[in-house]
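Comments concern the structure below.
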Amino acid sequence: MGVYDESIKSFRKRGLFALSGVADVIAVLNVNGINAVIFLEIKTPTGKQSKAQKAFECAIKRQRGYYY
């Protein structure tokens with residue numbers, strides 16, 4: 001996740017084990033005893049997914065996951 005650091009006037013770098021393209025929001029829900037993980041990618045009206053985000057979406061959907 002991009003985090004803007006005001007002290008250096010730049011975005012912080014990803015950590016060593018961070019995966020590029022991961023969704024902005026990850027929700028873990030339990031509905032009627034059934035667990036579900038939902039991945040949400042948040043965009044502005046003109047925003048577009050990067051190649052890494054599209055690859056992450058495909059990986060989640062191949063596993064029959066929920067990605068929006």
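Nothing fancy with the numbering, it's 1 onward along the sequence. What you see is a predicted model, and the numbers here were worked out from it, not measured in a lab.
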**OP:** Taking side chain to side chain contact (heavy atoms under 4.5 Å, CB included) as the test, write out the residues that go with I34, two or more places apart.
**Re:**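 Result, side chain to side chain contact (heavy atoms under 4.5 Å, CB included) vs I34: none returned.
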**OP:** With sequence neighbours excluded, tell me which residues meet side chain to side chain contact (heavy atoms under 4.5 Å, CB included) with E57.
**Re:**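 Listed in chain order: Q49, K61, Y67.
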Subject >> Whether over 12 other heavy atoms sit under 6.0 Å from K43 NZ >> reply: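 Above 12, so yes.
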Subject >> By side-chain hydrogen bond (donor to acceptor under 3.5 Å, both in side chains) - contacts of Q63 (at least two apart) >> reply: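 With sequence neighbours excluded, Q63 shows a side-chain hydrogen bond (donor to acceptor under 3.5 Å, both in side chains) to no residue whatsoever.
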Subject >> Nearest non-hydrogen partners of A23 and F39, listed with the distance >> reply: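 That closest heavy-atom pairing would be CB-CB, 3.8 Å.
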**OP:** Kindly work out whether a path of hydrophobic side-chain contacts (I/L/V/M/F/W/Y, heavy atoms less than 4.5 Å apart) joins I60 to I38.
**Re:**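 Unlinked, I60 and I38 end up in two clusters.
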**OP:** Check the hydrophobic clustering (I, L, V, M, F, W, Y; side-chain heavy atoms under 4.5 Å; chains of links allowed) and say if V22 and Y68 are grouped together.
**Re:**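 No; Y68 is not reachable from V22 via cluster members.
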Subject >> Gap between atom CD of E41 and atom NZ of K48 - 0.5 Å precision >> reply: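 Taking NZ in K48 and CD in E41, the distance rounds to 14.5 Å.
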**OP:** Nearest 0.5 Å please: distance from the CD atom of Q53 over to the SG atom of C58.
**Re:**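 Here the rounded value is 12.0 Å.
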**OP:** Assess whether side chain to side chain contact (heavy atoms under 4.5 Å, CB included) is satisfied between D24 and L40, documenting all intermediate values.
**Re:** CA-CA 6 Å; D24 296 317; L40 304 171; over 6 Å; no
**OP:** Report yes if some heavy atom in the side chain of I42 is under 4.5 Å from a heavy atom in the side chain of V25; otherwise report no.
**Re:**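 Contact flag for I42/V25 side chains = yes.
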Original post:
Would you say the side-chain atoms of N35 pair up with the backbone N or O of N30, donor to acceptor, closer than 3.5 Å?
Top reply: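 Answer holds: no.
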**OP:** Apply side chain to side chain contact (heavy atoms under 4.5 Å, CB included) to I26 and V37, showing your working.
**Re:** CA-CA 7 Å; I26 301 171; V37 179; 3.8 Å; yes
